[in-house]
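Here the structure is laid out as structure tokens; the discussion comes afterwards.
FYI, side chains are in, hydrogens and waters are out, and symmetry mates aren't considered; it's all heavy atoms of this structure. When a ligand or atom number is given, it counts from 1 through the structure's own listing order. If you're wondering where the values come from, they're calculated on a predicted model, not measured in any experiment.
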Amino acid sequence: MAKTIQAIRGMNDCLPTQSPLWQKLENAVKSVVSAYGYNEVRMPIVEETSLFSRAVGEETDVVSKEMYTFEDRNGDSLTLRPEGTAGCVRACIQNNLINRDEQRLWYMGPMFRYERPQKGRYRQFHQCGVEVFGLNGPDVDAELIMMTARLWRELGINEHVRLELNSIGSLEDRASYRTALVAFLEQHVDVLDDDCKRRMHTNPLRVLDTKNPDVQAILGDAPRLSEYLGEESKAHFAGLCELLDAAGIEYTVNERLVRGLDYYNRTVFEWITESLGAQGTVCGGGRYDGLVEQLGGKDTPAVGFAMGLERLVLMLETLELNDVRRSVDVYMVTAGEGTMMAGMKLAEQLREQVPGLRVMSHFGGGNFKKQFKRADKAGAAVALVLGENEVADNTVVLKDLIGGTQETYSQAEVVTKLVELV
Ligand code: ATP
Ligand code: MG
């Protein structure tokens, strides 16, 4: 036998047994974003590499170690998108969507990062992202958080996620904080690991979200970002907190929350769960007022978030909220001369007369017993049985596969019975 080919490590198939749960999640996401009037945007999966190095930042983990970058046939450096914000901003600028107008957008799709695959962390994973352009008040930040809270309620996981919030101020606020932080870190170089030492010069704020417990211990005494926030940043953050309080959304302010990507300013937030172990962040976002201009557009305020769909699917499974509707309602069973064709015709009629009814036809022959087994396996609620007699007098036998009873109906009559299944 020929050697079988495997999928790329960290890139998974979504199998037919798993796709119903994915669809349930995706449908919930779509219904929530549309309840706030947001519009879908679809971007290419591949972009010019420089888009990500400029937007996300050279010194971030994503750009420095996680990108799938390659040269295409004419030597251009391209990258499989590791996140959606950069491409979304590029699309808005290129298509002139945000010159004068505000935009409230969402997207969903695969992202690629070369990371060590483990539970909740993959090389191809899926995000749903939401981005708003042209609005600078804390009201829209609050709306995004309320939107995610609504999704958690819709999915039934609201008791299992908590919100962490912070303000990282403006570029100027951070510049003065950065000086103070670097001075502090320099006094503690002996405790810093190599990663932190490198970040201390390239991206010192990132030292704040180190996972190294020894470094964490000294950070308790580090200068606090909140003390370096200017009046405007402070007022913006207070405004957001007030709106969240009014909406009854609980949060904790985590002063060490800085987020991994360079483009953030002011509001940053994460939704975290304890039910997944180490990969606990299911959604992260914040404001990125400078990014549009940085990528060549007009100065435009912006805010957004992205959530990891694999982690949400894992949560739904872990919390046993993975009960999904079966995929077939009716299984069409036929045996005898001319019944197969009659069965397919009846199935077509039913699909037309009962919108939403899912009818699967049996193919490949076999006796009734074998066909009923298939009907059970397909998860159908009822089987419709057509033998030669039924075809001759335009009737059909409806067998309730759960209760076990069966009854004969005229083919016109059976429609009213099947409506109940939808
Ligand atoms: P983490 O700290 O877990 O690496 P991140 O800060 O790199 O997350 P973001 O860039 O903010 O993640 O992406 C938003 C969300 O996308 C994350 O909160 C997470 O739910 C999901 N996500 C990020 N990377 C992966 C991955 N490799 N596999 C699966 N989901 C991911
Ligand atoms: Mg990461």
Is a donor on one side and an acceptor on the other found under 3.5 Å between the side chain of [X] and the backbone of [Y]?
X: Asn95; Y: Leu97; answer: no
X: Arg311; Y: Gly120; answer: yes
X: Asp13; Y: Leu15; answer: no
X: Asp214; Y: Val191; answer: no
X: Arg81; Y: Pro110; answer: yes
X: Thr281; Y: Ile272; answer: no

Could you tell me whether ligand 1 has any atom less than 4.0 Å away from a heavy atom of [X]?
X: Gln127; result: yes
X: Arg259; result: yes
X: Arg121; result: yes

For [atom], which candidate among [options] holds the nearest heavy atom?
atom: atom 23 (C) of ligand 1; options: Phe112, Phe305, Phe125, Tyr264; answer: Phe125
atom: atom 10 (O) of ligand 1; options: Arg123, Lys119, Met307, Arg113; answer: Arg113
atom: atom 27 (N) of ligand 1; options: Glu115, His126, Gln124; answer: Glu115

Set of ring pair (Phe, Tyr, Trp, His ring centres under 6.0 Å) partners for Tyr68, sequence neighbours left out = Tyr114
Enumerated ligand 1 atoms positioned under 4.0 Å from heavy atoms of Val282 = 18 (O), 20 (O)
Element-labelled atoms of ligand 1 that are located less than 4.0 Å from some non-hydrogen atom of Ala306 | 14 (C), 15 (C)
Go through the structure and list residues passing side chain to side chain donor-acceptor pair (under 3.5 Å) with Arg256, not counting sequence neighbours.
-> none
So for Val62 against ligand 1, with non-hydrogen atoms under 4.0 Å, the contacting part is neither
Output yes when the distance from some N or O of ligand 1 to some N or O of [X] is under 3.5 Å, and no in every other case.
X: Thr281; value: yes
X: Glu310; value: no
X: Lys211; value: no

